[in-house]
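Okay, structure first, notes after.
All heavy atoms count here, side chains included; hydrogens, waters and symmetry mates do not.
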Amino acid sequence: MDVASATAAGIPGRPNEDWAAAADGLMVVLDGATARTATGCTHGVAWYAAQLGSSIADLAADRRVRLDDALATAIRRTADRHRECDLTHPGTPSAGVAVVRLDGAVLEYLVLGDVTVAIDTPDGIRVVTDDRVDRTATAERADVDRHPLGSAEKQAALLRMKHAELAARNRPGGYWIAAADPTAAAYAITGSLPSDAARRTALLTDGAARLVSPFGLLDWPALLDLLDTAGPTGLIRRVRAVEATDPSCLRWPRNKRGDDATVVYAR
């Protein structure tokens with residue numbers, strides 16, 4: 001299996017809140033959730049994503065450990081590393097997670113939060129994503145999309161949306177994401193397929209998947225073809241080029257002109 005990866009911060013000069021690793025039949029991608037409110041944590045989202053990601057990679061390297069169990073233990077370990085922070089704060093740092101692991105003749109996957117795994121199989125592209133967060137704060141999201149980036153109206157709407165999202169985070173009827181409570185791991189989307197049925201596999205944060213959504217310029221087969229020809233760096237470069245044509249974020253409504261973007265690709 002040949003593996004390539006790339007990651008890029010969405011805003012120059014700001015920490016990249018994504019995290020990725022790939023080695024020995026294991027691929028892990030995290031997308032740190034943007035903090036628009038106080039968090040009760042002195043470390044920040046990038047620190048959290050790096051701590052959680054490294055713990056997941058360490059635990060999931062043991063094929064005897066189930067992926068959801070690895071995630072739960074990693075969430076607990078990461079919480080233990082900053083108990084001095086207020087981990088009960090509604091804005092405590094969090095991250096979406098995607099893991100793909102080869103275990104003999106089986107390819108396993110786990111997705112929690114807004115990260116996508118796309119697997120090219122003989123029956124078509126299997127796209128695994130967790131869109132539960134998109135089904136929360138719908139009125140607030142619609143209000144955000146009405147305003148141009150940089151306007152006071154959009155900033156106020158983004159804050160209202162974030163508060164509405166946090167009210168639905170990690171609770172039944174809302175959405176689930178890795179934060180401080182390991183219970184969230186039980187709500188991850190998991191599955192498996194024969195490893196020889198996976199011809200190409202990509203793990204993408206939502207900032208890297210923008211050519212499919214929200215831009216609608218490629219479908220998933222075309223995106224994997226682009227990864228074949230241009231690699232992860234070329235994919236992110238194209239995302240950035242398209243973003244630059246819509247600086248107000250009105251043609252393709254979104255919360256940030258450029259989001260942190262990370263891709264791990266294997267074939």
Side-chain angles (χ1 to χ4, degrees), residues 7-18 29-37 45 49 90-91 94-96 98 111-118 125 127-169 173-177 202-223 226 232 234-263:
T7 187
I11 301 176
R14 290 193 184 180
N16 188 344
E17 295 172 343
D18 289 351
V29 168
L30 272 68
D31 184 352
T34 301
R36 301 187 188 278
T37 68
V45 175
S94 62
V111 174
L112 181 69
D114 197 7
V115 186
T116 298
V117 172
I125 308 296
V127 179
V128 185
T129 191
D130 183 356
D131 63 356
R132 285 172 285 190
V133 67
D134 295 333
R135 300 198 292 270
T136 67
T138 53
E140 291 83 1
R141 291 178 193 282
D143 190 29
V144 167
D145 290 346
R146 282 193 285 268
H147 305 293
L149 185 69
S151 68
E153 293 84 359
K154 192 175 187 79
Q155 288 303 112
L158 282 167
L159 188 58
R160 290 191 295 271
M161 183 195 76
K162 190 65 176 184
H163 281 297
E165 282 184 0
L166 292 176
R169 187 173 78 171
Y175 70 101
W176 300 87
I177 193 168
L203 289 70
L204 308 96
T205 61
D206 59 343
R210 284 181 162 185
L211 293 176
V212 174
S213 178
F215 299 157
L217 299 175
L218 297 178
D219 58 15
W220 285 107
L223 185 141
L226 178 60
L235 170 63
I236 294 174
R237 188 179 297 118
R238 181 161 174 194
V239 170
R240 296 293 185 242
V242 175
E243 290 169 341
T245 69
D246 181 33
S248 65
C249 300
L250 288 177
R251 180 180 179 186
W252 295 294
R254 56 200 193 277
N255 301 336
K256 293 174 277 188
R257 175 180 170 181
D259 197 2
D260 296 341
T262 298
V263 184

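Classification of Arg141 and Glu165 as a salt-bridged pair holds, one side-chain N sitting under 4.0 Å from a carboxylate O.
Counting only heavy atoms from C-beta outward, the side chains of His163 and Thr37 approach each other to under 4.5 Å. Residues Asp246 and Ser248 meet the side-chain proximity criterion, which asks for heavy atoms closer than 4.5 Å. In this structure the side chain of Arg210 never reaches within 4.5 angstrom of the side chain of Val242, judged on heavy atoms. In this structure the side chain of Val127 reaches within 4.5 angstrom of the side chain of Thr116, judged on heavy atoms. Residues Ile177 and Val133 form no side-chain contact, since every pair of their non-hydrogen atoms from C-beta on lies 4.5 Å or further apart. Residues Val212 and Leu204 fail the side-chain proximity criterion, which asks for heavy atoms closer than 4.5 Å.
A donor-acceptor contact shorter than 3.5 Å is absent between the side chain of Arg14 and the backbone of Ala9. Checked by atom type and distance alone, the side chain of Thr262 never pairs as donor or acceptor with a backbone atom of Thr205 at under 3.5 Å. Checked by atom type and distance alone, the side chain of Asp114 never pairs as donor or acceptor with a backbone atom of Asp206 at under 3.5 Å. A donor-acceptor pair under 3.5 Å is absent between the side-chain atoms of Asp259 and the main chain of Gly10, judged by distance alone. Counting only distance, with no hydrogens or angles, the side chain of Lys162 and the backbone of Gly91 share no donor-acceptor pair below 3.5 Å. At distances below 3.5 Å, not a single donor-acceptor pair connects side-chain atoms of Asp143 with backbone N or O atoms of Ala157.
The only member of Arg254, His147, Glu243 that meets side-chain contact (heavy atoms from CB on, under 4.5 Å) when paired with Cys249 is Arg254.
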